[in-house]
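Both ligands and their constituent atoms are indexed starting at 1 by order of listing. Sequential numbering from 1 along the given sequence is applied to the chain's residues.
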Amino acid sequence: MSFIVAIDGPAGTGKGTVTPALAEKFNLMYMDTGATYRCVTLRLLNEKVDFKETEKIKEILKSIKIDFDENNNFFLDGKDVTKEIRSKRVTENVSQVSHLLEVRLAMVDLQRKLSEGKNVILEGRDIGTNVFPNADVKIYLDASVEERVKRRIKQNKEKGIEMTEEEVRENIIFRDTNDKNNEIAPLKQAEDAIYIDSSDLTIKQVINKISKIIKKNKAKHDRMEKGYIMTEETTFKKFRRKCVKGILAGVYHIFYRVEKIGSENINTDEGIIICSKHVNSIDAAGIVLLNKRYIRFIAKHDLYRFKSLGWLGHLFNIIPVKRNTSDLKSIKMCLKALKDKEALGIFPEGTRNGIEKNADVKNGAAFLAYKAKVKIVPVGINGTFKLFSKVVFNYGTPIDVNDYKTDSPDWIDHATEEIMKQILELSKIKK
Ligand code: DC
């Protein structure tokens, strides 16, 4: 899974200097997404296309070839256009071109494709909000207009671009307004982006600030990736798991008066899926710790972000899953576990009290049960989990999803509905 850093913000905030430096420091591929819009603009200007000629623009977008090398040299249809795309005529028109829906769709697609499978840092306007809304690091870099004017004039001088101070100021204000009012992907700070005002900071200070954030998140990202690599099942690991399980089970019994009903339903020699109600963050522990059978739960991969939880995750071989994606790695791990006749714990609600929150019930359990030809044991939970209160874990009769298998493609939804219905029934048991 790629590690993605998004650096967004208005023109002239230092993104173009800071981003390549960070790319080098952290060995990330650097992508200047603004340059992709500049390449399209250059081609449209060269072909004297009116920006209203949608059909013609669509045709051009089909054939256009934009690429770049590790030194951030840009190639348009095979020709090096690094300098040309910074020219006054491109700069004056790029904002307008970047507002065209067809251009945006094509460029976002290109930016995603070029990033595929890579650890990458992208600078732009809509990276954290639109291109990669799930980026690992999101920075919104800002600076006052006056500071940005000063910087741009210096930059232009170095690059031999002739523009007066007034022209630079007008261009920055014009582009700010245009970028922020872009109807398709307006420039705005993503909710989870970190805001940095670089007006009074040196480049080095900005780099240091962002570096700290990247370092922290890269460590978390690496831990999450390691969640997919199970540590070896040595005798020592099994012994440690047994000890930790014993201690934690003891603690569980101190804090809750636990009653188990029908737990013998999971004691088979076969692979089995335990589908439980999800009421809080420690209900899975109640199933894993308080049964003799070794049970592996499936949990959101974020669990491995945290050192201590990651340690427990590895000890209990918890299978990570990325939400809202078809996480093939995770599915393969689950199928392998079931083939090895293991017991898997899944929360079909996906999130705590999903039913109560009207969340869609996930049909992954029914899918896995069908693929691995194993049964599902529904589990109801009744209890508030207030300290020293009673909690009932009610294990139901195993369900064979094949009983629901019909030619209709939505049989899996019906099976999932039935499983959830039984979980809710089992949760109604009197305390
Ligand atoms: O960063 P720059 O000045 O090279 O960007 C050129 C133009 O492209 C700018 O007007 C905003 C637009 N742009 C965009 O709309 N989305 C991006 N991700 C990057 C740039």
Considering only the protein, which heavy-atom contact is closest to [atom], and what is its distance?
atom: atom 7 (C) of ligand 1; value: Val94 CG2, 3.6 Å
atom: atom 16 (N) of ligand 1; value: Arg104 NH2, 2.9 Å
atom: atom 11 (C) of ligand 1; value: Asp179 OD1, 3.4 Å
atom: atom 19 (C) of ligand 1; value: Thr33 OG1, 3.4 Å
atom: atom 20 (C) of ligand 1; value: Gly34 CA, 3.5 Å
atom: atom 18 (N) of ligand 1; value: Asp126 OD1, 2.8 Å

Inset, instruction - Return the option from Lys15, Glu123, Arg38, His99 holding the heavy atom at the smallest distance from atom 4 (O) of ligand 1. - result: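 That would be Arg38.
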
Inset, instruction - Only heavy atoms count here, so choose which of Arg125, Arg152, Arg175 is nearest to atom 1 (O) of ligand 1. - result: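 The residue whose heavy atom sits nearest atom 1 (O) of ligand 1 is Arg125.
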
Legend entry - Salt-bridge criterion met for Lys226 and Asp222 (N-O under 4.0 Å):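 Salt bridge between Lys226 and Asp222, a charged N being under 4.0 Å from a carboxylate O: no.
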
Legend entry - Glu59/Lys62 salt bridge by N-O under 4.0 Å criterion: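 Yes, charged N to carboxylate O under 4.0 Å.
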
Inset, instruction - Evaluate whether atom NZ of Lys113 has more than 12 neighbouring non-hydrogen atoms of other residues, nucleotides or ligands under 6.0 angstrom away. - result: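 Open.
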
Legend entry - Residue Glu158 excluded, over 12 heavy atoms near CD under 6.0 Å: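 Atom CD in Glu158 is crowded, with more than 12 foreign heavy atoms closer than 6.0 Å.
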
Inset, instruction - Pick out which of Val377, Ile346, Val379 makes a side-chain contact (heavy atoms from CB on, under 4.5 Å) with Ser276. - result: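 So the option named by the test is Val379.
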
Inset, instruction - Could you point out which residue of Glu24, Glu70, Glu123 forms a side-chain contact (heavy atoms from CB on, under 4.5 Å) with Tyr30? - result: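 Testing each of Glu24, Glu70, Glu123 against Tyr30, the sole residue satisfying side-chain contact (heavy atoms from CB on, under 4.5 Å) is Glu123.
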
Legend entry - Within reach of ligand 1, part of Arg86 (heavy-atom separation under 4.0 Å):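 Answer for Arg86: side chain.
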
Inset, instruction - Give the atoms of ligand 1, by number and element, whose distance to some non-hydrogen atom of Ser98 is under 4.0 Å. - result: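 In order of number, 12 (C), 15 (O).
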
Legend entry - Check: Tyr37 N/O within less than 3.5 Å of ligand 1 N/O: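 It does not: no N or O of Tyr37 is found under 3.5 Å from an N or O of ligand 1.
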
Inset, instruction - Over all heavy atoms of both residues, which pair between Thr91 and Arg175 is shortest? Give the atoms and the distance, please. - result: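 In terms of heavy atoms, the two residues are closest at CG2-NH1, 3.5 Å.
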
Inset, instruction - Classify the angle between the aromatic ring planes of His314 and Tyr304 as parallel (below 30°), tilted (30 to 60°) or perpendicular (above 60°). - result: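 It falls in the perpendicular class, over 60°.
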
